[in-house]
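In what follows, residues are counted from 1 in the order of the sequence shown.
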Amino acid sequence: MFDIGQQVVALDHGNRNAYPGPVPTKGCVYTIANIYRAEDDTLMLELAEFPSPAEDGWYAGFVASYFRPLRKTSIEVFTKLLAPAPRELV
């Protein structure tokens with residue numbers, strides 16, 4: 001579902017008090033720097049915008065379910081909606 005280098009949108013930041021540093025802001029776009037599983041098997045994302053020195057075995061990862069992949073929408077979708085519908089010949 002997620003890949004390193006992929007952009008994601010924050011849906012929530014979870015428990016703000018669980019992280020010693022800054023947390024992602026809901027609705028903002030971030031880039032995945034690393035993906036790993038926590039000791040309890042929770043899928044975690046490290047974000048490029050929140051560098052992690054990995055001191056004392058601690059990583060600045062965020063629960064993956066708090067993010068969704070960024071959907072890039074092309075203007076083509078909207079221009080097709082504006083195009084006139086083909087007329088049927090009778």
Side-chain angles (χ1 to χ4, degrees):
M1 177 173 186
F2 293 110
D3 295 306
I4 293 174
Q6 180 181 20
Q7 290 189 310
V8 293
V9 177
L11 302 175
D12 191 4
H13 54 67
N15 182 358
R16 187 177 285 272
N17 297 325
Y19 302 103
V23 295
T25 302
K26 183 177 179 178
C28 289
V29 176
Y30 300 97
T31 306
I32 298 174
N34 190 22
I35 302 169
Y36 66 96
R37 292 215 174 256
E39 290 178 6
D40 64 358
D41 207 36
T42 302
L43 186 63
M44 305 292 287
L45 304 178
E46 281 186 53
L47 305 174
E49 294 79 6
F50 296 91
S52 173
E55 294 176 12
D56 300 326
W58 182 84
Y59 289 88
F62 301 96
V63 178
S65 63
Y66 294 155
F67 299 88
R68 70 163 174 80
L70 178 66
R71 292 184 202 108
K72 296 191 178 187
T73 305
S74 170
I75 192 71
E76 283 180 31
V77 174
F78 301 108
T79 53
K80 285 180 184 178
L81 289 173
L82 295 173
R87 293 183 179 207
E88 263 188 57
L89 297 175
V90 182

Provide the closest heavy-atom pair for G61 versus E46 in the form atom of the first, atom of the second, distance. CA-CG, 4.2 Å

Kindly state whether the ring of F50 and the ring of F62 have centres lying under 6.0 angstrom apart. yes

Same cluster (ILVMFWY, side-chain, under 4.5 Å), M1 and L47: yes

Can you name the side chain to side chain contact (heavy atoms under 4.5 Å, CB included) partners of A33, sequence neighbours left out? A48

M44 and V63: side chain to side chain contact (heavy atoms under 4.5 Å, CB included), yes or no, with the steps? CA-CA 5 Å; M44 305 292 287; V63 178; 4.0 Å; yes

Assigning hydrophobic clusters by single linkage (Ile, Leu, Val, Met, Phe, Trp, Tyr; side-chain heavy-atom cutoff under 4.5 Å), is L43 placed with V9? no

Those residues at least two apart in sequence (or on a different chain) that pass side-chain hydrogen bond (donor to acceptor under 3.5 Å, both in side chains) with S65 are none

Inter-residue atom distance I4.CD1 - T31.OG1, 0.5 Å rounding: 12.0 Å

Q7: what forms a side-chain hydrogen bond (donor to acceptor under 3.5 Å, both in side chains) with it, not counting sequence neighbours? none

Here the gap from T25 atom OG1 to D12 atom CG, rounded to the nearest 0.5 Å, amounts to 11.5 Å

Where is the tightest heavy-atom contact between A10 and F67, given as atom of each residue plus distance? CA-CD2, 3.6 Å

Residue list, side-chain hydrogen bond (donor to acceptor under 3.5 Å, both in side chains) with D41, at least two apart or on another chain: none

Which residues pass the side chain to side chain contact (heavy atoms under 4.5 Å, CB included) test with Q6, not counting sequence neighbours? F2, D3, I32, P69

